[in-house]
Amino acid sequence: MEVTIGLIIVIMTWLILLLNLTFAITIIFFERRDIGTTWAWLLVLFFLPLIGFFVYIFFGRLIKSHNFYEVEEEKREAYHHHVEEQLDQLDRTLAPFNHPLLLKYRRLARLNLVSTNALMSFHNDISVLHDGTEKFDQLFQDIERATKEVNIQYYIIQNDPLGQALIRLLTEKAKQGVRIRLLYDAVGSRGLRHKHFKDLLSHGGEVKSFFPSKLGINFRVNNRNHRKLCTIDGELGYIGGFNVGDEYLGKDDHFGYWRDVHLRIAGDAVKELLERFILDWNRSVPTRTKEQKDDFVWPMEGVSHHASPVQIVTSGPNSSTEHLKNMLVKMITQSKECIYIQTPYFIPDASFLDACRIALMAGTKIKLMIPNKPDHMFVYWATYANAAELVRYGAEVFTYEEGFLHAKTLVIDGEIASIGTTNIDARSFRLNFEISALVFDRDVAQSVIDAFERDEARAEPLTIERYESRTRLIRFKESVSRLLSPIL
């Protein structure tokens, strides 16, 4: 009996080692990863052979990028034709592409068009919402006024008073005949169950989860849909960093006040938000029930008289290129005066860090703000170490002390701003489905800068002296976090 058990253990051990070797060969020769991530996964597989096997199964596999959203060839060609039209207008600086900020940042706009087909919209009226109560009060009012449809997508919807209030409101609108589509991420909103939507579903509301578990196991736990957006009657759109939960109203004792940023958009950019929602929605329903564009309410073009150009830029693990990272790097390299960055996680790769270092050495100021309260321990210490690296090159770095900083913004020269769901880390750049709005508007940019400067009164400077005074335990945590940063 003991011999039999021993033989089984030996066979299982060799089987796991063989599988690990197979995964290692796959990572090296068949998967197009950057070198840092490749080495990180090889270390996991070889130094943690049993654990590494399961970690890779759930966290390491790549998504096939070819036509991930299963869009028909005819529709892809039509969209590509629209992109080509805008590229021609941009290159020839034809109206409305002769907007002063578009002329100045033409290459950035072109990058987004070529890289990820981010069409430019021009007539937009934009409000910047910096406070959770303000954001959800406005969102709820807009949903209450809806008469046709509400399409709403969040990474996290908590089963708490705010989450329950949103579902009740959506249920009431469904009773009134408004078409309700609600999409949430299966990992981020893992506390939700079918019973929480029973009334909404019974009144015609539609609810889907992105990458749901199969047989109680979620093999896509590492590829999360981190997007937060909403479109209402084809007239209004929301995009930004707030999820749905009481903590985002500052009601969590651990986090305290929650600092974030969201945009409320009335205008042509709502169409681009709706385009992105439809892709994620149809990816989450059976093929036979995929909806066509005629099933949605589309905005009338040119309704807003405000001339605020906007590009809605997306990226995800289905992309062969890190579109959002490239956009942010291009913004940094184009800046001449000052860059303002707020992010909860600052774990950039070498190209992003190099862009920041080059900008600093060339005389561009960088002001970076990160939280001083972790929600993910390894991520926090890696963030702290990377932020300190920029201090050595002359950046002004602040740690937000009043509560938790969750804003994901980058503003250059007080003229254009990126606002959305994108953190500055490998997860947002490569692993998550993300979305950000690039806004060519000085008023919007200044609103984000004003909020940053107000936050400085609630923040502490991260100086070299402060950083060097950290304890040995913190230094150890940093070392481990930096080693794992490519796969955090």
Side-chain angles (χ1 to χ4, degrees), residues 124-185 188-189 192 196-209 225 227-249 251 258 260-267 269-278 280-281 284 291 295-300 303-304 312 420-421 435 437:
N124 298 291
D125 185 7
I126 302 172
S127 301
V128 187
L129 307 172
H130 301 282
D131 174 79
T133 300
E134 175 190 27
K135 181 257 176 169
F136 283 105
D137 284 349
Q138 184 66 66
L139 176 64
F140 278 39
Q141 289 174 24
D142 289 336
I143 292 175
E144 286 172 355
R145 288 192 287 263
T147 59
K148 300 173 184 175
E149 74 174 17
V150 176
N151 305 302
I152 192 163
Q153 174 179 356
Y154 279 96
Y155 172 59
I156 295 174
I157 301 177
Q158 301 282 23
N159 181 33
D160 62 12
L162 181 62
Q164 293 164 7
L166 174 63
I167 294 171
R168 283 197 303 271
L169 175 58
L170 295 175
T171 303
E172 287 302 312
K173 298 309 294 184
K175 290 179 182 178
Q176 297 170 18
V178 176
R179 183 86 181 262
I180 302 295
R181 300 181 186 88
L182 175 61
L183 178 63
Y184 63 90
D185 184 76
S189 303
L192 292 181
H196 297 135
F197 306 106
K198 187 176 180 180
D199 287 345
L200 175 58
L201 293 168
S202 68
H203 289 92
E206 300 166 75
V207 181
K208 302 296 178 185
S209 62
N225 198 314
R227 295 167 184 161
K228 301 105 178 170
L229 62 91
C230 177
T231 69
I232 301 170
D233 287 348
E235 297 175 355
L236 294 172
Y238 283 81
I239 178 176
F242 284 104
N243 287 294
V244 181
D246 285 351
E247 65 266 37
Y248 301 93
L249 301 177
K251 295 183 178 181
W258 193 279
D260 218 324
V261 182
H262 228 82
L263 296 180
R264 178 183 185 268
I265 303 175
V270 177
K271 178 179 182 293
E272 300 310 311
L273 289 174
L274 185 54
E275 291 273 11
R276 270 50 180 195
F277 176 85
I278 292 172
D280 284 345
W281 179 261
S284 304
E291 297 192 52
D295 298 320
F296 294 82
V297 178
W298 293 88
M300 295 177 60
V303 173
S304 173
I312 302 300
T421 69
I435 185 168

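Residue indices begin at 1 and follow the sequence shown. Note that this is a predicted model, so its numbers are computed, not measured.
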Donor-acceptor contact present, side-chain D160 to main-chain G245, <3.5 Å: no
Donor-acceptor check, side chain of E149 to backbone of V297, threshold 3.5 angstrom: yes or no? yes
side-chain contact (heavy atoms from CB on, under 4.5 Å), paired with C230, selected from V270, L236, L273, V150: V150
Taking the side chain as C-beta and beyond, is there a heavy-atom pair between L263 and V128 under 4.5 Å? yes
Considering all heavy atoms, the nearest S284-L183 contact: OG-CD1, 3.6 Å
Let me confirm one number: the CG-CD distance from L229 to E272, rounded to the nearest 0.5 Å. 12.5 Å
Evaluate the criterion side chain to side chain contact (heavy atoms under 4.5 Å, CB included) for residue pair D142 and R264; output intermediate values, then yes/no. CA-CA 10 Å; D142 289 336; R264 178 183 185 268; 2.8 Å; yes
Please report the closest heavy-atom contact between K228 and F242, naming both atoms and the distance. CG-O, 3.6 Å
Rounded to the nearest 0.5 Å, how far does CD1 of I312 lie from CZ of R276? 7.5 Å
As a quick check of understanding, evaluate side chain to side chain contact (heavy atoms under 4.5 Å, CB included) for E275 and W298, giving each step before the final call. CA-CA 10 Å; E275 291 273 11; W298 293 88; 3.8 Å; yes
Ignoring hydrogens, what is the shortest heavy-atom contact between A174 and G205? Give both atom names and the distance. CB-N, 4.3 Å
Would you call the rings of W281 and F277 parallel, tilted or perpendicular, taking 30° and 60° as the class edges? parallel
Side chain of N151, backbone of R181: donor and acceptor closer than 3.5 Å? no
Look only at the side chain of S189 and the backbone of Y155, and say whether a donor-acceptor pair between them is shorter than 3.5 Å. yes
How long is the span from the CH2 atom in W258 to the CG atom in D246, to the nearest 0.5 Å? 12.0 Å
Shortest non-hydrogen pair, L249 vs T133, comes out as CD2-N, 3.7 Å
Kindly determine whether I152 and Y238 satisfy side chain to side chain contact (heavy atoms under 4.5 Å, CB included), including the steps that lead there. CA-CA 9 Å; I152 192 163; Y238 283 81; over 6 Å; no
dist F197:CZ -> I157:CD1 (nearest 0.5 Å) comes out at 5.5 Å
Listed partners of N243 passing side chain to side chain donor-acceptor pair (under 3.5 Å), at least two apart: Y248
Could you measure the distance from the CD1 atom of I265 to the CG atom of D125? Nearest 0.5 Å is fine. 10.0 Å
Kindly give the heavy-atom pair with the smallest separation between G234 and P299, and that separation in Å. O-CB, 2.6 Å
For residues 164-172, dump all side-chain donor-acceptor pairs below 3.5 Å to protein atoms at least two apart in sequence or in another chain.
| unit_1 | atom_1 | unit_2 | atom_2 | d |
| --- | --- | --- | --- | --- |
| Q164 | NE2 | N159 | OD1 | 3.1 |
| T171 | OG1 | I167 | O | 2.7 |
| E172 | OE2 | K175 | NZ | 3.3 |

Under 3.5 Å, is there a donor-acceptor pair between the side chain of N225 and the main chain of D185? no
Take R179 and E291, measure what salt bridge (Lys or Arg N to Asp or Glu O under 4.0 Å) needs, and give me the verdict at the end. CA-CA 13 Å; R179 183 86 181 262; E291 297 192 52; 3.0 Å; yes
Over all atoms of both residues, closest heavy-atom pair of I232 and A146: CG2-CB, 3.7 Å
Would you say H262 and L139 make side-chain contact, with heavy atoms under 4.5 Å? no
Nearest-0.5 Å distance that lies between atom CZ in R227 and atom OH in Y154: 15.0 Å
